[in-house]
Amino acid sequence: MTGHLVAGLAAGYGIAVPVGAVATYLVALTARTSLRVGASAALGVATADGLYALVATVAGAATARVVTPAVGPLRLLSAAVLVFLAVRAARAAVARYRDPGEAAALRAEHPPTPARAYVTFLGITLLNPMTVVYFAALVVGSGTGAEPDRLGQAVFTGAAFAASASWQLLLAGGGALLGRALTGRRGRLVTALTSSAVTTALAAHLLVGA
């Protein structure tokens with residue numbers, strides 16, 4: 001069981017630690033909302049990673065063969081969603097900077113809820129099929145999928161989820177600290193626009209890859 005635990009932790013951190021568009025947006029969302037919203041979003045990402053880890057351990061190489069043909073279209077869809085979110089965040093930041101009263105009223109009408117953040121980030125992460133291909137490659141390469149070992153699969157999946165969740169929650173915590181530090185209107189504007197630009201650039205990278 002120790003081998004499955006270590007492998008799951010390594011796999012979870014391996015897929016979670018590289019900072020991409022989703023991680024950037026997670027930090028920005030937490031900075032402009034609250035730690036509760038950011039933590040829910042972080043758990044949405046970790047849930048998707050855990051689901052893909054489970055699918056990969058159960059189906060192994062067959063999963064990668066099924067998913068690979070859809071990688072291109074799903075990357076396009078993922079990039080489009082991220083660009084939309086980045087543009088919306090930038091517009092909200094500009095509106096807040098120009099007219100704080102109007103922006104506050106807009107936020108009061110449509111407050112971001114933890115449940116909404118969880119579902120949004122779960123969906124964004126599920127749109128990245130390379131996650132399941134990554135886990136499938138690890139399972140096949142290590143031979144952990146050679147014989148059905150339900151307990152081992154459960155330990156691997158749980159460890160991958162825990163590793164991803166711990167890293168995503170760390171990012172959310174960083175976003176909360178950033179939000180507290182940048183209390184001024186200009187600071188929040190610069191942070192939001194920078195985050196939107198980085199998210200858009202990373203989404204464009206997905207399009208190039210597709």
Side-chain angles (χ1 to χ4, degrees), residues 15-16 18-49 51-52 67 69-100 102-134 164 167-169 171-172 174-176 178-179 182 185-210:
I15 195 66
V19 176
V22 175
T24 302
Y25 188 68
L26 170 62
V27 173
L29 175 70
T30 311
R32 68 174 182 268
T33 55
S34 67
L35 180 58
R36 184 183 177 190
V37 172
S40 298
L43 291 178
V45 176
T47 300
D49 287 344
L51 289 174
Y52 273 150
V67 171
V71 167
L74 286 176
R75 273 184 171 175
L76 292 174
L77 181 58
S78 177
V81 171
L82 287 167
V83 169
F84 169 76
L85 292 173
V87 170
R88 189 177 66 175
R91 290 181 61 185
V94 172
R96 181 170 55 245
Y97 180 76
R98 291 178 175 176
D99 189 349
E102 179 180 350
L106 182 63
R107 289 197 304 275
E109 295 176 2
H110 303 284
T113 64
R116 180 180 173 186
Y118 176 86
V119 172
T120 298
F121 277 78
L122 173 63
I124 293 174
T125 311
L126 286 176
L127 286 175
N128 182 13
M130 291 309 297
T131 305
V132 72
V133 175
Y134 164 84
S164 178
W167 179 257
Q168 304 302 335
L169 289 171
L171 292 178
L178 180 64
L182 298 175
R185 290 171 56 206
R186 183 171 298 179
R188 289 185 177 275
L189 174 66
V190 171
T191 302
L193 292 180
T194 301
S195 172
S196 295
V198 172
T199 302
T200 302
L202 292 171
H205 179 71
L206 288 177
L207 292 174
V208 173

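Atom set for the values below is all heavy atoms of this structure, side chains included, hydrogens, waters and symmetry mates excluded.
- Under the side-chain hydrogen bond (donor to acceptor under 3.5 Å, both in side chains) criterion, Thr47 pairs with Tyr118, sequence neighbours left out.
- In this structure, CG in Leu122 is found 11.0 Å from CG in Leu43, a value given to the nearest 0.5 Å.
- Taking the side-chain contact (heavy atoms from CB on, under 4.5 Å) definition, one finds that Val87 meets it with Val83, Arg91, sequence neighbours left out.
- In plain terms, the two heavy atoms of Ser164 and Ala46 that are nearest each other are OG-CA, 3.5 Å.
- Minimum interatomic distance between Thr125 and Tyr52 (heavy atoms only, all atoms of both residues): O-CE1, 3.9 Å.
- Between Val37 and the options Thr30, Leu29, Thr113, a side-chain contact (heavy atoms from CB on, under 4.5 Å) holds for only Leu29.
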